[in-house]
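Data first, discussion second: the structure below is written as structure tokens.
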Amino acid sequence: MASSSSRTACFQCGDSHSTQFKNGWRLRSGHFAQLCNRCASLYEEGRFCETFHSNDDGWRDCESCGKLVHCGCIVSFLAYRLLDFGGVMCMECSKIKFILARKRCLYSETQTGNGEPQGSGIRQIQIDPQYWPRVTDLELHQIARKTNSVVIPLFEKLLSASDADHKMARLVIPKKCAEAFFPKITCPRGCTVKILDTEGKEWEFQFRYLFNGGNMIYVLEGLKDYMVSRQWQAGDIATFYRIESEKKLVMGLRKSCVGVQSYEVAANV
């Protein structure tokens with residue numbers, strides 16, 4: 001039987017009574033710091049430094065979101081990036097900026113290319129400039145925090161009077177955007193799309209198409225209760241995003257009133 005002196009102890013708190021230890025950060029020796037369940041949970045949740053190192057030096061603000069990052073600490077070494085112009089950025093904001101830059105690059109390529117499929121396997125979409133998503137880094141960060149995922153902006157639409165008509169209770173989706181980003185439908189009645197708002201309430205909309213003068217029009221129907229609850233009105237901007245890892249659509253509403261913004265619906269398609 002091993003002696004008590006050889007028992008593993010938590011690298012942080014020294015607890016040796018835990019029956020299970022987890023790997024923490026990598027030490028200079030190449031091994032991992034062994035942590036008890038409590039300390040390991042704080043480390044995995046990203047709250048280790050703010051719990052144990054709150055009075056230490058080296059705290060810096062993320063240049064994007066303002067979150068405090070403990071720099072120069074081996075525990076948080078992989079939690080931030082050094083910026084070329086000075087300062088730091090947390091990894092969450094760094095990922096968001098990377099995704100946004102990649103999406104902007106994709107839009108640029110689709111607008112200057114000939115629209116033919118390319119070898120990357122990504123479906124090339126030509127979207128009219130009026131529907132390009134004009135999303136700020138702050139908006140993306142807020143949505144990412146609410147959905148706990150990195151989101152990619154797809155397109156946006158300025159709500160017309162008919163889009164905001166509570167009697168019709170439907171949103172016309174631009175044809176190219178509907179065919180690129182929404183579920184494929186083969187009959188006019190379409191399909192049901194389950195919607196979650198940011199408070200966790202589930203909504204059900206109907207995605208379908210209809211013909212008007214020989215033209216196919218895609219619509220998202222059954223929005224009346226949602227319109228009322230969100231004070232949906234003409235002049236607001238509906239923006240659609242996608243959670244890439246889960247293939248979920250996200251719809252946000254940016255109010256036309258200055259300084260009033262809300263990001264509302266995650267649609268599981």
Side-chain angles (χ1 to χ4, degrees), residues 1-103 136-152 196-202 241-248 250 252 263 266 268:
M1 181 180 296
S3 65
S4 59
S5 61
S6 64
R7 293 181 62 183
T8 301
C10 176
F11 190 90
Q12 170 59 33
C13 67
D15 180 17
S16 61
H17 299 290
S18 178
T19 58
Q20 183 179 5
F21 291 86
K22 297 182 179 180
N23 288 340
W25 55 93
R26 185 182 291 274
L27 305 174
R28 287 186 296 176
S29 64
H31 300 294
F32 288 93
Q34 296 299 297
L35 302 175
C36 64
N37 287 332
R38 174 178 176 269
C39 293
S41 295
L42 291 170
Y43 176 71
E44 292 170 354
E45 294 169 5
R47 298 189 295 113
F48 191 94
C49 284
E50 70 179 64
T51 302
F52 297 114
H53 302 161
S54 60
N55 296 323
D56 294 350
D57 295 332
W59 288 93
R60 299 284 299 278
D61 292 332
C62 169
E63 294 291 337
S64 180
C65 68
K67 175 183 176 181
L68 285 173
V69 180
H70 193 207
C71 301
C73 176
I74 190 173
V75 178
S76 58
F77 179 72
L78 298 178
Y80 63 92
R81 290 184 182 276
L82 296 175
L83 301 178
D84 292 339
F85 54 83
V88 299
M89 181 178 292
C90 68
M91 289 303 298
E92 182 180 0
C93 289
S94 179
K95 290 178 181 178
I96 293 173
K97 283 184 174 292
F98 173 78
I99 293 295
L100 181 58
R102 186 177 68 176
K103 196 63 182 179
T136 66
D137 292 345
L138 176 59
E139 290 172 334
L140 278 180
H141 186 265
Q142 290 174 335
I143 297 170
R145 289 180 66 88
K146 290 182 179 181
T147 61
N148 197 29
S149 303
V150 175
V151 294
I152 298 175
L196 294 176
D197 64 21
T198 55
E199 297 176 353
K201 180 179 179 180
E202 186 175 82
Y241 313 80
R242 183 171 60 219
I243 300 175
E244 194 68 9
S245 59
E246 303 176 27
K247 303 301 180 184
K248 290 183 179 180
V250 175
Y263 310 97
N268 189 350

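When reading the values below, keep in mind they use all heavy atoms of this one structure, side chains included, and skip hydrogens, waters and symmetry mates. This structure is a prediction, so every number in the text was calculated from the model and none was measured.
- Of the inter-residue distances, the one linking C39 atom SG with D15 atom CG reads 8.0 Å to the nearest 0.5 angstrom.
- Taking both residues in full, the closest heavy atoms of C90 and V69 are given as CB-CG2, 4.2 Å, listed atom of the first, atom of the second, then distance.
- When side chains are defined from C-beta on, K22 does not count as touching F32, because their heavy atoms never get closer than 4.5 Å.
- For F77, the side-chain contact (heavy atoms from CB on, under 4.5 Å) criterion is met by no residue, not counting sequence neighbours.
- Taking SG of C62 as the start and CZ of R81 as the end, the distance is 12.0 Å to the nearest 0.5 Å.
- Of all heavy-atom pairs spanning V75 and F48, the tightest one is CG1-CD2, 3.7 Å.
- Interatomic distance, I74 CD1 to R28 CZ, rounded to the nearest 0.5 Å: 7.0 Å.
- With sequence neighbours left out, the side-chain hydrogen bond (donor to acceptor under 3.5 Å, both in side chains) criterion links Q34 to N23.
- Residues C71 and Y80 form a side-chain contact, since some pair of their non-hydrogen atoms from C-beta on lies under 4.5 Å apart.
- Listed by chain and residue number, L68 satisfy the side-chain contact (heavy atoms from CB on, under 4.5 Å) test with D61 (two or more places apart in sequence, or in another chain).
- With sequence neighbours excluded, the residues that form a side-chain contact (heavy atoms from CB on, under 4.5 Å) with A79 are S76.
- Every residue two or more places apart in sequence or in another chain that forms a side-chain contact (heavy atoms from CB on, under 4.5 Å) with L27 is listed here: F11, W25, S29, A33.
- When side chains are defined from C-beta on, F52 counts as touching Q12, because their heavy atoms get closer than 4.5 Å.
- Within the 3.5 Å criterion, the main-chain N or O of D57 finds a donor-acceptor partner in the side chain of H70.
- In this structure, the side chains of S16 and C10 stay at 4.5 Å or more apart for every pair of heavy atoms.
- Within the structure, salt bridge (Lys or Arg N to Asp or Glu O under 4.0 Å) pairs that include any residue of residues 35-53 comprise E45-R47 (at least two apart or interchain).
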